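Computed from a prediction, not measured in an experiment: that's the story for all the values here.
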Number of protein chains: 2
Amino acid sequence: MNPTIQDVAKAANVSIATVSRVLNNQPGFSQKTKQRVLQTIEELGYQPNAIARGLVNRNSGTIGVLFPSVSGLLSSEVLHGIEARANEEGYSVIVCNTAADHEKTLRYIQLLSEKRVDGLVFVSEEVDEEYYKAFQRMGVPVVLVLTQSYKYPLPYVKVDDSHAAYTATSYLIDSGHKRIGMLSGNPNDLLAGRTRIEGFKRALLEAELPYSESLVENQNSFTYEDGINSLPRLLERHPEITGIFAASDEIAIGAISAAYKLGIRIPEDISIIGYDNLKLSEMSIPPLTTIAQPFQRMGEKAIEMVLTIKNDKQAESSVMPHHLVERESVKKIK
Amino acid sequence: MNPTIQDVAKAANVSIATVSRVLNNQPGFSQKTKQRVLQTIEELGYQPNAIARGLVNRNSGTIGVLFPSVSGLLSSEVLHGIEARANEEGYSVIVCNTAADHEKTLRYIQLLSEKRVDGLVFVSEEVDEEYYKAFQRMGVPVVLVLTQSYKYPLPYVKVDDSHAAYTATSYLIDSGHKRIGMLSGNPNDLLAGRTRIEGFKRALLEAELPYSESLVENQNSFTYEDGINSLPRLLERHPEITGIFAASDEIAIGAISAAYKLGIRIPEDISIIGYDNLKLSEMSIPPLTTIAQPFQRMGEKAIEMVLTIKNDKQAESSVMPHHLVERESVKKIK
DNA sequence: CTGAAAGCGCTAACAT
DNA sequence: ATGTTAGCGCTTTCAG
């Protein structure tokens with residue numbers, strides 16, 4: 001059995017209150033007793049029981065994080081930032097893989113609520129009414145990452161998707177491309193789908209370049225496979241295209257693979273710009289030019305916001321800056 | 001304030017013991033009272049406090065996981081398996097990023113110990129004496145993943161690295177290659193480094209093919225950059241090489257990129273086989289033939305072992321099967 | 001500067 | 001079938 005504060009008190013000939021005081025560095029003990037207590041703690045190998053502490057202090061020192069997929073290239077970078085910042089602030093993080101499943105998500109929220117986590121970070125998923133109600137019942141700070149809610153007043157941290165898509169498309173335009181298409185993800189995804197298409201469209205229109213819906217090839221998701229499948233279709237409809245904006249790096253890499261099989265050279269025949277700047281993107285052939293989202297920083301920021309809300313009951317949403325990473329998948333024309 | 005079991009008891013006109021009984025499905029209540037209790041629980045929105053429960057039951061319902069890097073492609077797959085299985089078994093997982101730092105690791109172990117986690121999963125790192133002592137003091141099951149300890153009796157789950165390297169090299173040989181080199185990771189890494197070189201050497205020797213130390217190009221690590229840097233050096237020393245075994249997929253992908261820049265075609269000029277079967281490997285051009293490690297399954301297995309040890313105080317280490325994944329980076333000669 | 005004692009919310013005897 | 005009560009290990013008044 002682990003020694004308790006009682007054992008320490010007894011062995012050091014003081015009361016448990018005194019032990020508690022030196023443990024928490026609260027006023028009310030002499031240097032002498034402090035030494036004695038510290039020493040017997042050492043001797044006994046005493047370790048305070050965080051659970052008992054949590055019961056008294058009504059906090060668990062942990063923050064829950066909900067991902068639709070933990071093994072995603074993207075999630076792991078966000079998680080990295082979350083874990084780092086949380087640890088700095090003295091918190092642990094519990095990860096939960098919701099698999100984008102409604103029931104599972106609800107169960108996880110319930111679980112985290114029972115564990116009395118001090119805050120919640122909700123990544124990449126839309127917040128529906130049930131989730132929101134559960135959040136409210138928990139009464140702890142909740143912050144959204146890579147997503148936002150139009151219905152509920154939940155603070156978020158993300159980039160401006162529309163603007164970022166605009167930046168990507170404009171880069172293609174500035175590089176001299178005039179016939180530009182898009183490999184979209186899921187257009188029904190209001191957050192990552194619709195808005196990126198919007199930005200794409202706006203860039204084209206402002207540059208007085210042709211735009212039509214057929215210029216964007218939609219998919220159900222944002223994966224490598226989606227990229228593989230969608231490139232041929234887009235090119236079949238629009239063989240004149242020289243530049244492509246892919247809604248995710250994975251899609252872009254998939255498109256590059258598909259192009260390779262088709263004997264199309266990147267960037268000589270077709271230029272491609274991605275979105276995300278995953279580690280993946282520098283490993284492709286050719287290295288992928290893309291829009292970087294500061295995933296790690298976003299994770300850190302989310303924790304900072306959770307903690308701010310916990311203290312101040314208020315925190316503003318944060319729209320993080322994206323930036324262009326020029327590599328070799330886009331050719332400058334003339 | 002969250003309602004407590006007291007509130008429920010009062011509102012339902014029963015004692016807290018009764019509420020506790022229906023909550024834990026222990027014998028000793030009528031259907032009638034059960035209904036009543038359940039209903040008032042519903043009405044009050046009562047959620048049991050897992051911290052209080054933990055204090056009484058002396059368990060936290062959580063398992064700690066230590067990674068040298070959470071954002072690694074590999075870690076995230078292991079984590080996926082860990083999280084899934086842990087959740088099925090009613091446990092949560094706390095992730096810790098040690099950054100392979102000694103002090104940090106020690107602090108994390110201490111922290112998890114204070115949080116009274118019910119078990120520990122230790123991934124990809126060597127266990128030194130201080131770690132081991134800390135494990136012992138904790139008195140909870142510890143299982144190693146993708147690593148093992150020669151000094152301490154800690155159960156592990158991994159593949160047979162030497163054998164897997166042998167398999168990879170043999171595949172090259174069976175494909176008709178006679179001049180084969182290796183892009184090793186860190187040879188001072190006893191676990192992932194040394195053993196893979198061994199397997200490589202053994203395969204060559206058994207096939208009566210030339211082997212010398214200069215045939216293996218060492219690096220400090222197993223990254224993409226290492227692959228980029230090491231390919232040219234190996235080829236400079238041994239321009240006759242037609243087949244290469246890379247000690248990790250990342251190294252392999254790096255080598256492919258380097259080859260591309262050098263105008264060397266894969267697999268026409270040189271064949272490459274990797275090690276890991278990360279998602280990455282199917283996205284490369286050409287898709288990478290590699291040795292698959294069942295990362296997800298390993299994560300699951302680790303949790304199963306932790307739980308087994310918790311109950312039976314015994315669990316055997318598990319050497320998981322690896323297997324070859326044939327894709328397009330190796331050419332069959334003649 | 002130090003100790004006694006009252007909880008934190010719950011489980012598990014032990015009564016009834 | 002149900003209630004009473006003693007903790008689990010700790011923090012925090014409140015007294016001295």
Side-chain angles (χ1 to χ4, degrees), chain A residues 1-38 40-41 44-62 90 110-111 113-118 137-139, chain B residues 1-38 40-41 44-62 90 111 113-118 138-139:
Chain A
M1 209 54 246
N2 273 314
T4 74
I5 199 172
Q6 291 271 12
D7 302 323
V8 176
K10 210 165 294 173
N13 258 313
V14 294
S15 72
I16 59 170
T18 300
V19 178
S20 177
R21 288 193 189 98
V22 344
L23 236 33
N24 299 294
N25 235 313
Q26 295 204 344
F29 54 81
S30 66
Q31 279 306 308
K32 250 173 128 171
T33 56
K34 174 176 178 177
Q35 292 310 327
R36 193 145 36 91
V37 168
L38 253 25
T40 77
I41 282 179
L44 268 51
Y46 167 75
Q47 297 179 314
N49 182 327
I51 299 188
R53 278 183 161 172
L55 184 56
V56 177
N57 299 330
R58 303 153 173 298
N59 70 4
S60 59
T62 69
Q110 169 74 19
L111 180 73
S113 181
E114 292 186 5
K115 296 218 166 175
R116 298 298 191 264
V117 294
D118 301 309
R137 288 206 317 177
M138 285 182 73
Chain B
M1 208 54 245
N2 273 313
T4 76
I5 199 173
Q6 291 271 11
D7 302 324
V8 176
K10 209 165 295 172
N13 259 312
V14 294
S15 74
I16 60 170
T18 299
V19 178
S20 177
R21 287 190 189 99
V22 344
L23 237 31
N24 299 293
N25 236 312
Q26 296 203 346
F29 54 82
S30 65
Q31 279 305 308
K32 251 173 128 173
T33 57
K34 175 176 177 179
Q35 292 311 327
R36 193 145 36 93
V37 169
L38 252 25
T40 77
I41 282 179
L44 268 52
Y46 167 76
Q47 296 179 315
N49 182 327
I51 299 187
R53 279 183 160 170
L55 184 56
V56 176
N57 300 330
R58 304 154 171 298
N59 71 6
S60 59
T62 68
L111 180 73
S113 181
E114 293 187 4
K115 295 218 166 175
R116 299 299 191 263
V117 294
D118 301 309
M138 284 183 75

Under 4.0 Å protein heavy-atom contact, by nucleotide of nucleotides 9-14 of chain C - B base, S sugar-phosphate only = BBBBBB

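- Protein atom CZ of A:Arg36 is 14 Å distant from nucleotide atom P of C:dC1, rounded to whole Å.
- Between C:dC1 and A:Thr33, no contact under 4.0 Å exists linking OP1 or OP2 to a side-chain N or O.
- Here A:Arg116 contributes atom CZ and A:Arg58 contributes atom CZ; the two are 9.5 Å apart, rounded to the nearest 0.5 Å.
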Check residues 1-8 of chain A and write down every donor-acceptor pair under 3.5 Å in which the side-chain atom is one partner and the other belongs to a residue at least two apart or another chain.
residue, atom, partner, partner atom, Å
A:Thr4, OG1, A:Gln6, N, 3.1
A:Asp7, OD2, A:Thr4, N, 2.7

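- Rounded to whole Å, atom P of D:dT11 lies 14 Å from atom CD1 of B:Ile51.
- Identified under the side chain to side chain donor-acceptor pair (under 3.5 Å) test for residues 10-21 of chain B, with sequence neighbours left out: B:Ser15-B:Thr18, B:Ser20-B:Asn24.
- For the pair B:Lys115 (side chain) and A:Gly61 (backbone), a donor-acceptor distance under 3.5 Å is present.
- A:Thr40 meets the side-chain hydrogen bond (donor to acceptor under 3.5 Å, both in side chains) test with no other residue; sequence neighbours excluded.
- Rounded to 10°, the angle separating the first-five-pair axis and the last-five-pair axis of the helix from C:dC1-D:dG16 to C:dT16-D:dA1 equals 40°.
- The phosphate of D:dT2 has neither OP1 nor OP2 within less than 4.0 Å of any side-chain N or O from B:Ser15.
- With sequence neighbours left out, the side-chain hydrogen bond (donor to acceptor under 3.5 Å, both in side chains) criterion links B:Thr33 to B:Ser30.
- Between A:Gln31 atom CD and A:Arg36 atom CZ the span is 12.5 Å, to the nearest 0.5 Å.
- Formation of a donor-acceptor pair under 3.5 Å by the B:Asp118 side chain with backbone atoms of B:Thr62 is found in this model.
- Contact annotation: A:Thr18 side-chain N/O to C:dC1 OP1/OP2 distance is not under 4.0 Å.
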